[in-house]
Amino acid sequence: MREKAFIIHVRGNKEREIYIKEQLKVTPFDYEFIEDGNIEDLTEDRLSTYFSRDLLNATPTSSCAFKHLLAYEAIVKNKLPYACIIEDDIEFTDNFTEVFKNSIAESNREKLETFFISYEHSLSLFIRRSELKKNKILYKKQQTRCAGFYMIDYDAAKMMLEQAKHEKIHFPIDHWHNELIKKGLLNVYWSHPTIANQLSHNGKFASLIDGKAYGSKRVVIYKLKILYKKIRQLLG
């Protein structure tokens, strides 16, 4: 069975399109690109449906958030039990397929509801050794690890659309996810091990949203940061 995934993508960015299609060749995904929602597509009416304050302006931040919401709309419209949301700069690890499939089996066994499963380590956040349990992949947490690669169920997608329409979003999408956690509306789980990373975080790609540094220096700094975090994990 192939799992459904929605790819957050800026229409016209050929470099990222070619890159992510190559990555997806070794995954179990039946994927669909979310290409609507580019900055030029964001009218005042579309922005006001979900956003307030700074996000009422058509910017890379509002475009990214809008594309995530379009993915949620597709999940609800098609009554999908769950689906993955993947940004187009994600890099999968070699053990991706095994860990991902086991995580789905665990979520079914545990009967998780209104869930958001974070698979990436873009923020260098890991499960501490003292928390680890044998044969367990998913650990409940009180924050996300960015929005580069996650899985949500139908109930989470429906809830987030309703919240966005009624309360309006004025944060970047991953910050807004954390606001929903604080309200007790979204159940977030981290996978262990992590199986993905955003190249715009580790310095291999330029970010399309902010001006964070990229290039060889950034890559080295990021690798050192990951090493430090993993050592802390082993000692924890």
Side-chain angles (χ1 to χ4, degrees), residues 1-38 60-61 63-78 80-104 107 112 115-125 137-138 144-154 156-157 160-161 172-178 186 188-202 204-209:
M1 175 181 175
R2 295 183 66 79
E3 309 294 344
K4 186 67 178 182
F6 294 95
I7 312 302
I8 307 302
H9 174 66
V10 176
R11 184 179 66 249
N13 191 318
K14 289 298 180 183
E15 178 188 17
R16 291 205 178 194
E17 179 184 348
I18 292 168
Y19 167 78
I20 195 62
K21 283 182 176 178
E22 190 65 28
Q23 285 284 302
L24 290 164
K25 285 181 179 178
V26 295
T27 69
F29 294 129
D30 172 17
Y31 64 86
E32 176 181 333
F33 276 71
I34 302 293
E35 294 191 315
D36 187 14
N38 273 22
T61 301
S63 175
C64 178
F66 195 81
K67 287 173 181 284
H68 281 260
L69 292 165
L70 289 176
Y72 306 163
E73 288 181 357
I75 292 171
V76 172
K77 178 182 178 180
N78 294 291
L80 301 175
Y82 59 84
C84 289
I85 317 296
I86 303 172
E87 295 192 348
D88 63 4
D89 64 338
I90 209 72
E91 180 178 47
F92 301 115
T93 61
D94 292 339
N95 61 340
F96 166 83
T97 301
E98 179 183 3
V99 174
F100 179 72
K101 288 184 175 179
N102 287 340
S103 76
I104 292 177
S107 70
L112 303 186
F115 66 74
F116 178 118
I117 298 175
S118 172
Y119 290 100
E120 64 184 302
H121 62 262
S122 301
L123 292 182
S124 308
L125 296 173
I137 293 174
L138 304 177
T144 67
R145 298 185 289 193
C146 276
F149 175 28
Y150 59 96
M151 182 167 66
I152 57 174
D153 65 351
Y154 173 91
M160 287 194 281
L161 289 173
I173 193 69
D174 50 341
H175 295 189
W176 180 65
H177 290 150
N178 287 327
L186 188 63
V188 171
Y189 300 84
W190 293 2
S191 74
H192 175 82
T194 57
I195 52 177
N197 189 34
Q198 284 180 266
L199 299 190
S200 58
H201 279 266
N202 69 14
K204 293 182 180 179
F205 272 5
S207 172
L208 299 182
I209 294 180

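One finds the CD atom of E87 at 11.5 Å from the CG atom of L199 (value rounded to the nearest 0.5 Å). Rounding to the nearest 0.5 Å gives a distance of 8.5 Å between CG of L125 and SG of C146. Annotation: the span from I90 atom CD1 to I8 atom CD1 amounts to 11.5 Å, rounded to 0.5 Å. Taking CD1 from I86 and OG1 from T27, the interatomic distance works out to 6.5 Å, rounded to the nearest 0.5 Å. Of the inter-residue distances, the one linking T93 atom OG1 with N197 atom CG reads 10.0 Å to the nearest 0.5 angstrom. With values rounded to the nearest 0.5 angstrom, L112 atom CG is found 11.5 Å from I104 atom CD1.
The distance between the ring centers of F29 and F100 falls below 6.0 angstrom.
Under the 3.5 Å distance criterion, with hydrogens and angles disregarded, no donor-acceptor pair is assigned to the side chains of S103 and Y189. Between the side chains of N38 and K67, at least one donor N or O lies within less than 3.5 Å of an accepting N or O. Side chains of E91 and Q23: a donor-acceptor N/O pair is absent below 3.5 angstrom, by distance only. Under 3.5 Å, the side chains of T144 and D174 contain no donor-acceptor pair of N or O atoms.
Between E98 and K101 there is no salt bridge, since none of the side-chain N atoms of the basic residue sits less than 4.0 Å from a carboxylate O of the acidic one. In this structure, D30 does not pair ionically with R2, as no charged nitrogen and carboxylate oxygen lie closer than 4.0 Å.
Looking only at side-chain heavy atoms (C-beta outward), F96 and P28 come within less than 4.5 Å of each other. Residues Y82 and E3 form a side-chain contact, since some pair of their non-hydrogen atoms from C-beta on lies under 4.5 Å apart. At least one side-chain heavy atom of Y72 sits under 4.5 Å from a side-chain heavy atom of I85. In this structure the side chain of Y31 reaches within 4.5 angstrom of the side chain of K21, judged on heavy atoms.
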Audit row: L161, L69, side-chain contact (heavy atoms from CB on, under 4.5 Å) steps and yes/no: CA-CA 7 Å; L161 289 173; L69 292 165; 4.2 Å; yes
The test is side-chain contact (heavy atoms from CB on, under 4.5 Å); show your working for H68 and Y150 and say whether it passes. CA-CA 11 Å; H68 281 260; Y150 59 96; 2.7 Å; yes
Evaluate the criterion side-chain contact (heavy atoms from CB on, under 4.5 Å) for residue pair V76 and Y154; output intermediate values, then yes/no. CA-CA 6 Å; V76 172; Y154 173 91; 4.0 Å; yes
Walk me through it: do I7 and E17 pass the test side-chain contact (heavy atoms from CB on, under 4.5 Å)? CA-CA 10 Å; I7 312 302; E17 179 184 348; over 6 Å; no
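The shortest non-hydrogen separation linking G37 to F66 is CA-CD2, 3.9 Å. F149 and E120 get closest at one heavy-atom pair: N-OE2, 3.2 Å. Contact between Q198 and A147 at its shortest, heavy atoms only, is OE1-N, 4.4 Å. For the pair I137 and V99, the tightest heavy-atom approach, listed with the atom from each and the gap, is CD1-O, 3.8 Å. Nearest approach of A157 to I75, heavy atoms of both residues: CB-CG2, 3.9 Å.
Figure legend: K4 and F6 shown as a cation-pi pair, the cationic atom lying under 6.0 angstrom from the six-membered ring centre and within 45 degrees of its axis.
Looking at I20, I34, L24 one by one, the single match for side chain to side chain contact (heavy atoms under 4.5 Å, CB included) with D88 turns out to be I20.
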